[in-house]
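Everything numeric in this text was worked out from a predicted model, so none of it was measured.
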Amino acid sequence: MAMSTVLWSFALVVGLLTLTPGLDTALILRTAALGRRTRAWGVVLGIQTGTLVWGALTSLGVTALLTASHLAYEILRWAGAAYLLWMAARMVGDTFRGRGTHHEEVAVGAAADTLSGGWRQGTLTNLLNPKVGVFYVAVLPQFIPADAPHFTTGLLLTGVHITLGMIWSTVLIASATALGAWLRRPRSRRVLDRVTGTVIGVFAVRLAVSD
């Protein structure tokens with residue numbers, strides 16, 4: 001199979017995956033909608049950092065351990081579920097304690113809008129999701145030609161995924177920013193945080209109960 005055909009085929013698969021609303025989409029939209037564009041880009045970069053790590057590990061064959069070792073998968077799965085539940089509970093709980101309003105913006109606002117803070121959140125969210133690793137283990141090898149260098153080709157395909165993710169994230173941030181003034185109203189912000197927190201909580205529960 002020609003490399004160009006491989007790249008286009010893989011781009012189609014991961015492109016559909018990228019467009020499917022999920023945890024990454026919710027985090028990016030919520031962060032950008034609150035006017036924290038710098039942090040939103042940090043989240044994007046963190047998510048793509050996680051994608052790069054999963055792609056590199058898969059290309060090296062390391063993430064095959066997740067499918068071979070039930071214990072390794074379980075540890076990562078429960079760690080990811082706990083992290084997501086903590087994030088969801090904090091996000092929703094703050095709306096009932098009077099936070100997420102003007103007072104929080106004064107206290108946290110500028111400090112919260114940091115690239116490093118968003119990067120840490122995006123990276124942890126991606127790396128603590130073992131399903132991303134399992135997806136790469138199941139899909140990536142199928143697109144690597146037998147006569148191609150495994151690691152280099154794997155990184156090239158991962159780069160395609162990251163590029164599509166960055167393009168889609170740009171669209172998400174631009175869309176959220178356009179509605180930012182409305183979404184930053186105290187009432188709208190509470191609704192946004194509760195909806196986003198609920199979505200993250202659902203993902204956490206699904207991760208915890210999935211086989």
Side-chain angles (χ1 to χ4, degrees), residues 1-29 40-81 83-84 115-116 118-174 203-204 206-211:
M1 184 182 298
M3 185 56 67
S4 59
T5 303
V6 170
L7 293 176
W8 281 110
S9 300
F10 186 75
L12 177 61
V13 173
V14 295
L16 292 174
L17 178 67
T18 300
L19 293 175
T20 302
L23 178 60
D24 294 349
T25 302
L27 280 177
I28 294 169
L29 284 175
W41 277 112
V43 171
V44 171
L45 293 175
I47 290 170
Q48 302 311 326
T49 297
T51 300
L52 178 61
V53 171
W54 282 119
L57 291 177
T58 302
S59 301
L60 289 171
V62 177
T63 48
L65 291 174
L66 285 176
T67 58
S69 172
H70 181 69
L71 177 61
Y73 181 85
E74 287 297 300
I75 291 174
L76 189 57
R77 180 167 70 91
W78 282 106
Y83 172 71
L84 293 179
L115 194 71
S116 60
W119 180 83
R120 286 193 298 270
Q121 185 180 36
T123 303
L124 277 175
T125 300
N126 191 288
L127 290 180
L128 288 177
N129 186 356
K131 291 188 174 182
V132 180
V134 172
F135 168 81
Y136 264 83
V137 169
V139 174
L140 193 65
Q142 300 183 42
F143 289 90
I144 300 178
D147 57 343
H150 199 106
F151 183 72
T152 304
T153 306
L155 287 184
L156 179 61
L157 294 174
T158 303
V160 171
H161 191 182
I162 291 174
T163 300
L164 293 176
M166 292 295 293
I167 293 173
W168 180 235
S169 295
T170 302
V171 174
L172 292 177
I173 291 176
F203 273 97
R206 288 181 59 187
L207 183 59
V209 302
S210 64
D211 186 356

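- The two residues Pro145 and Thr153 make their nearest non-hydrogen contact at CD-CG2, 4.2 Å.
- One finds the CE atom of Met3 at 9.0 Å from the CD1 atom of Ile144 (value rounded to the nearest 0.5 Å).
- Between Leu156 atom CG and Leu7 atom CG the span is 5.0 Å, to the nearest 0.5 Å.
- Note that OG1 of Thr49 is 14.0 Å distant from CH2 of Trp54, once rounded to the nearest 0.5 Å.
- Proximity of Ile47 to Thr125: side-chain heavy atoms (C-beta onward) are nowhere separated by under 4.5 Å.
- Residues passing the ring pair (Phe, Tyr, Trp, His ring centres under 6.0 Å) test with Phe10, sequence neighbours excluded: Phe143.
- Distance check: Ser169 OG to Leu45 CG gives 9.0 Å after rounding to the nearest 0.5 Å.
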Please step through side-chain contact (heavy atoms from CB on, under 4.5 Å) for the pair Leu155 and Leu52, ending with a clear verdict.
CA-CA 8 Å; Leu155 287 184; Leu52 178 61; 4.3 Å; yes
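- Looking at Trp119 and Val43, their side chains never come closer than 4.5 Å, going by heavy atoms from C-beta outward.
- Nearest heavy-atom pair, His161 versus Gln48, reported as atom, atom and distance to 0.1 Å: O-OE1, 4.4 Å.
- Residues Thr51 and Ile162 share a closest heavy-atom pair of CG2-CG1, 4.0 Å.
- Residues Ser59 and Gly154 come closest through the heavy atom pair OG-CA, 3.2 Å.
- Leu60 contributes atom CG, which lies 5.0 Å from atom CZ of Phe151 (distance to the nearest 0.5 angstrom).
- In this structure, Tyr136 and Thr158 have side chains that are in contact, with non-hydrogen atoms separated by less than 4.5 Å.
- Between Ala11 and Leu164, the closest heavy-atom pair is O-CD1, 3.5 Å.
- Residues passing the side-chain contact (heavy atoms from CB on, under 4.5 Å) test with Leu128, sequence neighbours excluded: Leu76, Ala79, Tyr83, Leu124.
- With rounding to the nearest 0.5 angstrom, the CG atom of Asp24 is 9.0 Å from the CG atom of Leu17.
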- Check the pair Leu19 / Trp168 against side-chain contact (heavy atoms from CB on, under 4.5 Å), numbers first and verdict last. CA-CA 7 Å; Leu19 293 175; Trp168 180 235; 3.7 Å; yes
Run the numbers on Leu172 and Val44 for side-chain contact (heavy atoms from CB on, under 4.5 Å), then give the verdict.
CA-CA 10 Å; Leu172 292 177; Val44 171; over 6 Å; no
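- Shown here are the side chain to side chain donor-acceptor pair (under 3.5 Å) partners of Asn129, two or more places apart in sequence or in another chain: there are none.
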